[in-house]
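A quick note: this is a predicted structure, and the numbers were derived from the prediction, not measured.
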Amino acid sequence: LGPNTGGMGAFALSPLVSQELADGVMSRIVQPVLSGMRAEGAPYRGFLYVSLMLTPAGPKVIEFNVRFGDPEAQVVLPLVEGSLAELLMASATGRLAGCEARFSTDRTVGVVLASRGYPAASESGQVMHGLERAAAFPGVQVFHAGTRADGDRVVTAGGRVLTVVGRGATFEQAMTRAYAGVDEIRFDGMQHRRDIGRKALARTQWPNDQWPMQ
């Protein structure tokens, strides 16, 4: 509900995506796009971000991007095991065959902290407090977006200011850690959602904790 935003949170590994759904997305959406580009003489190499909405009629494409999504990247990339740079280089140079993307089976929950007025408009220049305390929690990472240095202070400089990511063996643990980090941070006008990750708690995970998009 409410106005459209650039994203106020994310979670991974998503139990909303079954293996069957993932296979269907690959066969009916992703592979036809790649095959079509190859047939037109413009084979695609790189990172393809497929933005989908899950509907009662199945997944629907919102858009494609040739970049990472935000805040999805903040919860997915920490789970990559090994060198992401090596995978991207292998893709760029046509040597991806034989490479395997490996992911941790941990869970992550990311909560976006936004400025007052976002998304219609947003304030800047608000002094931020508690960043070091939040980042000191076990399993918590704080990713900066709309911030800037002002002497020895950090101030807001945009609509979506930070993403606080909690990581754990379960979604309960990841959510607890994420919101523990959020609760340490303060700046005038700060707003965020308190329900990020709840959908994940309501779904049964797929068998054997297998990552669905290999």
Side-chain angles (χ1 to χ4, degrees), residues 1-37 44 46-81 84 87 100-114 118-119 141 143 145 159-160 163-179 182 191-214:
L1 301 178
N4 186 45
T5 74
M8 294 298 291
F11 53 83
L13 310 157
S14 179
L16 306 180
V17 180
S18 67
Q19 186 66 56
E20 180 182 8
L21 176 59
D23 291 343
V25 168
M26 293 298 292
S27 64
R28 295 194 298 271
I29 298 174
V30 177
Q31 291 299 339
V33 168
L34 299 179
S35 297
M37 294 184 71
Y44 183 75
F47 187 94
L48 183 65
Y49 169 69
V50 185
S51 179
L52 302 172
M53 181 176 288
L54 301 184
T55 77
K60 302 298 182 182
V61 175
I62 299 174
E63 62 183 0
F64 290 92
N65 288 309
V66 292
R67 58 165 174 78
F68 294 103
D70 174 27
E72 300 85 43
Q74 288 94 319
V75 296
V76 173
L77 294 187
L79 298 178
V80 175
E81 295 182 338
L84 176 64
L87 290 172
E100 180 183 4
R102 294 177 290 106
F103 296 87
S104 168
T105 57
D106 283 351
R107 273 50 176 156
T108 50
V109 173
V111 181
V112 172
L113 307 185
Y118 179 80
Q141 290 180 279
F143 292 93
R160 290 186 297 164
T163 302
V164 181
V165 176
R167 176 172 179 165
T170 64
F171 278 117
E172 291 91 341
Q173 187 177 54
M175 286 181 65
T176 297
R177 289 175 171 177
Y179 280 106
V182 167
Q191 57 173 325
H192 61 280
R193 290 176 56 157
R194 299 294 307 187
D195 62 344
I196 303 300
R198 286 185 186 173
K199 286 184 179 180
L201 296 179
R203 294 297 183 93
T204 302
Q205 297 169 355
W206 55 84
N208 301 320
D209 281 341
Q210 292 299 306
W211 177 258
M213 299 294 277
Q214 292 180 2

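- Between P59 and L52 the shortest heavy-atom distance is CB-CD1, 4.4 Å.
- E72 pairs by the side chain to side chain donor-acceptor pair (under 3.5 Å) definition with Y49, not counting sequence neighbours.
- Looking only at distances, a side-chain donor or acceptor of Q191 sits under 3.5 Å from a matching main-chain atom of Y118.
- Nearest approach of P71 to A10, heavy atoms of both residues: O-CB, 4.0 Å.
- Shown here for G9 and V112, the closest heavy-atom pair between the two residues is N-CG2, 3.9 Å.
- Between atom CG of residue L54 and atom OG of residue S14 there is a gap of 7.5 Å, rounded to the nearest 0.5 Å.
- The OG1 atom of T163 lies 9.0 Å from the CE atom of M8; values are rounded to the nearest 0.5 Å.
- Judged as a side chain to side chain donor-acceptor pair (under 3.5 Å), and not counting sequence neighbours, E20 has no contacts.
- Judged purely by atom type and a 3.5 angstrom limit, R160 uses its side chain to pair as donor or acceptor with the backbone of G6.
- Residues that satisfy the salt bridge (charged side-chain N to carboxylate O under 4.0 Å, His left out) test with E172, not counting sequence neighbours, are absent from this structure.
- Taking the six-membered ring for Trp and thresholds of 30 and 60 degrees, F68 and F47 have ring planes inclined between 30 and 60 degrees apart.
- Rounded to the nearest 0.5 Å, atoms CG (D23) and CD (Q31) are 11.0 Å apart.
- A73 and P78 make their closest contact through O-CD, 3.8 Å (heavy atoms, listed as atom of the first residue, atom of the second, distance).
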### Message
Between L34 and L48, does the side chain to side chain contact (heavy atoms under 4.5 Å, CB included) criterion hold? Intermediate values first, please.
### Response
CA-CA 10 Å; L34 299 179; L48 183 65; 4.1 Å; yes

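- With hydrogens and angles disregarded, a donor-acceptor distance shorter than 3.5 Å links the side chain of T108 to the backbone of V75.
- Checked by atom type and distance alone, the side chain of Q173 pairs as donor or acceptor with a backbone atom of A169 at under 3.5 Å.
- Taking both residues in full, the closest heavy atoms of P119 and T5 are given as CG-CG2, 4.1 Å, listed atom of the first, atom of the second, then distance.
- Pairing each heavy atom of G110 with each of I196, the nearest pair is O-CG2, 3.4 Å.
- Distance check: F143 CZ to D70 CG gives 10.5 Å after rounding to the nearest 0.5 Å.
- Using modelled atom types, one side-chain atom of R107 and one backbone atom of T105 make a donor-acceptor pair closer than 3.5 Å.
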#### Entry: Test log, rule side chain to side chain contact (heavy atoms under 4.5 Å, CB included), inputs V50 and I29
CA-CA 9 Å; V50 185; I29 298 174; 4.3 Å; yes

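- Side-chain contact between F11 and M175: absent, with no pair of heavy atoms (C-beta onward) separated by less than 4.5 Å.
- In this structure, Y179 contributes its side chain and G166 its backbone to no donor-acceptor pair below 3.5 Å.
- Atoms CG and OG1, on L201 and T170 in that order, are 8.0 Å from each other to the nearest 0.5 Å.
- For the atom pair OG (S35) and OH (Y44), the distance works out to 15.0 Å, reported to the nearest 0.5 Å.
- Side-chain atoms of H192 and V182, non-hydrogen and from C-beta on, do get closer than 4.5 Å to each other.
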